[in-house]
Structure formats: structure tokens, C-alpha cells
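Atoms within a ligand are numbered from 1 in the order they appear, just like the ligands themselves. Computed from a predicted model, the values in this text were never measured in an experiment.
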Amino acid sequence: MGRVDGKTAIVTGGALGIGKASALRLAEEGAQVAVTDVKRDAGKSVVEEIEDTDGSAQFWPLDVSDEDEVEHVFDEVARAFGGIDVLVNNAGISGTDKPTHELTEEEWDEVMAVNEKGVFFCTKHAIPYMQEAGGGSIINLSSIYGIVSAPDIPPYHASKGAVRLMTKTDALEYAEDNIRVNSVHPGFIWTPLVEDYLGDQGDVDEGRKQLDELHPLGHVGEPDDIANGILYLASDESKFVTGSELVIDGGYTAR
Ligand code: NAP
């Protein structure tokens, strides 16, 4: 018996990194998974990987910053899978790394469109299916950068702080519908997002060493460290958990 047997789950940004690891774990534990992403080839490969291990998944191309696309894809997923029980709002970008006084409005809006409005659009269009099903679980990827600050990527911090509170508002709003909403706050996790960010800064190996040292456990995390937390929040093991912040950060924010 899988931990999420019989549930249907949508994972946004499911082609790479944390989203991919989450799609694989959810499928491994019995969920039917809609892998969605702007990256088509990588997204389809995740579905093939799931099918190779007898799991059930389908890919949909989806840009979470486009509300019409979100509405259309969620409708298709619900028809194909018979409903939506779990939504993992994972798609995110780090955006331009400049101090606030040098940022343009476009650079600010680019990050908000994906990290903040994307969560809004996906939540908005998943809720009616969850209400119809009598409940559901929404898992929003915030960050340690939504709890504490650092002198870098200002729009990213703003967006992840917003996601932290959007989570609590929706948790209260939809508790009576038995829809749970929680945020996950990863420390630095070794994914293409972090590798590309370090590449933009200069030396990736040196950058990784510096990131390792920021975590009391002595190293950055792996996508599965986060996927296991997401799996818990998706499953009924967390049936009394809503509006909470699951921090998985190797001790980063414990200082
Ligand atoms: P990742 O490796 O970059 O993977 C994210 C995926 O989302 C990529 O395939 C990306 O495509 C896709 N994506 C970007 N914009 C999208 C859009 N508008 N619509 C749909 N998909 C889109 O990222 P990750 O490191 O796994 O991060 C996943 C989530 O965890 C993000 O919300 C991130 O902020 C959060 N997080 C990550 C870390 C970390 O250290 N990795 C720490 C804290 C929080 P492209 O590659 O084409 O952009």
C-alpha cells in the first residue's frame, strides 16, 4: 500500500530539481502524477522514468504565469485523472541578482509573475476540484529566503515571503473545505536553479563549498530531502497539518 495511493497530484515545474524528485516520489507511493513544466523534453523524460517503474503519470506543458493556460491544463488533468487531490506549487525562478536600487520594474515583475502569481493562479484553479472532491492538499514551495534574509536577489525574497503568508491565508480560508495548505522552506538544494545561479556568480565548485558551509549540517541538501517532506504533506499522514511551515534546511535558520 503506497502512502498516496489513489490520489491525483499536479506538480508544477516538475521537469527538474525538486519538482522532478517530488513527481518521482509521489508516483512511487501510488499517486497519479501530472508533471507540468515549461521544459517539454525534460518533463516527458520524467514521465518515462515514472512509467518505467510501473508508476502512472502524464506530461502537460504549462507556464504557471499564464492564467488561461493554468485553467485549461487543470481542466484537462481533472478530466484525465478524475479530479485533483494534491497540488505542488513548485515552479520558481531565482531572477536577476542586483541590489534593489539597480533593479528594473521588468526584472521585479518577471520573478513575481512566476513565484507569486503562479502560486495564485494554480491555487485558484485547483480549489474548485478539491472542493468537489471533499478535500485536498496544496503544498507551496517557499524557501529559507521566505523566512530570513540575505543581501541578494531582492525580488526572490519578496516573492517567497509572500508565498509564506499566502499559504496561511488559504489554509484558514479553505479549512472548512478540508483543503490543507502548507509551505515548504528548503535550504540550498543542489538543483539546476542553484547551479546556474552559482555559474552566474563565477566559480561553481568554490560557490558550492561556500554554500555547504552556510548549513550547520555541513552541506547543501538533495532534491529528495525536500521531496520526502512534500510526500508527507501530500499524504493523509499530515491530516492535522495546515498553515504550517515545513523547514528542511540543514539547520540554516536555526541560528
Ligand atoms: P529548478 O531546478 O530551476 O527547476 C524548476 C523548474 O521549473 C524548471 O524546469 C524551470 O524551467 C521550471 N519553470 C520555471 N519557470 C516556470 C514557469 N513559469 N512555469 C512552469 N515551470 C517553470 O528549481 P529548483 O531548485 O528545483 O526549485 C524548485 C522550487 O523550490 C522553486 O520554487 C524554488 O524557488 C524553491 N527553492 C529551491 C531551493 C534550492 O536551493 N534549489 C531553495 C529554496 C526554495 P526553466 O529551467 O526553463 O526555468
Which residue and heavy atom of the protein sit nearest [atom], plus the separation:
| atom | result |
| --- | --- |
| atom 47 (O) of ligand 1 | K39 NZ, 2.9 Å |
| atom 40 (O) of ligand 1 | I189 N, 2.7 Å |
| atom 32 (O) of ligand 1 | N90 O, 2.8 Å |
| atom 4 (O) of ligand 1 | L16 CB, 3.8 Å |
| atom 18 (N) of ligand 1 | D63 OD1, 2.9 Å |
| atom 36 (N) of ligand 1 | Y156 OH, 3.5 Å |
| atom 3 (O) of ligand 1 | L193 CB, 3.3 Å |
| atom 26 (O) of ligand 1 | I18 N, 2.8 Å |

Using distance alone, decide if ligand 1 has a nitrogen or oxygen within less than 3.5 Å of any nitrogen or oxygen in [X].
| X | value |
| --- | --- |
| S65 | no |
| V114 | no |
| V64 | yes |
| T191 | yes |

- Task: Please work out whether any backbone atom (N, CA, C, O) or any side-chain heavy atom from C-beta onward of K160 is under 4.0 Å from ligand 1, and answer side chain, backbone, both or neither.
- Result: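 K160 to ligand 1: side-chain contact only, backbone stays beyond 4.0 Å.
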- Task: Quick one: look at L62 and ligand 1, take heavy-atom pairs under 4.0 Å, and tell me if it's side chain, backbone, both or neither.
- Result: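 The backbone, only.
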- Message: Which of the numbered atoms in ligand 1 are under 4.0 angstrom from any heavy atom belonging to I93?
- Response: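 Within the 4.0 Å cut-off of I93, ligand 1 contributes 14 (C), 15 (N).
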- Query: Would one find more than 12 heavy atoms of other residues, nucleotides or ligands at under 6.0 Å from atom NZ of K239?
  - Reply: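 Atom NZ in K239 is not packed in, count stays at 12 or less.
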- Item | Whether over 12 other heavy atoms sit under 6.0 Å from E102 CD |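 Yes, the 6.0 Å shell around CD holds more than 12 heavy atoms from other groups.
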Does [X] come within less than 4.0 Å of ligand 1, judged by its heavy atoms?
| X | answer |
| --- | --- |
| T12 | no |
| A21 | no |
| Y145 | no |

Pick from [options]: the one approaching [atom] most closely through a non-hydrogen atom:
| atom | options | value |
| --- | --- | --- |
| atom 44 (C) of ligand 1 | A113, S142, A15 | S142 |
| atom 9 (O) of ligand 1 | V11, V119, D37 | D37 |
| atom 38 (C) of ligand 1 | G187, S143, G118 | G187 |

- Can you find a pair of side-chain heavy atoms, one from F188 and one from L198, that are under 4.5 Å apart?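 Answer no - side chains too far apart.
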- Message: Test of understanding: with side chain to side chain donor-acceptor pair (under 3.5 Å), list the residues that count as partners of S238, not counting sequence neighbours.
- Response: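 By the side chain to side chain donor-acceptor pair (under 3.5 Å) rule, S238 matches R180.
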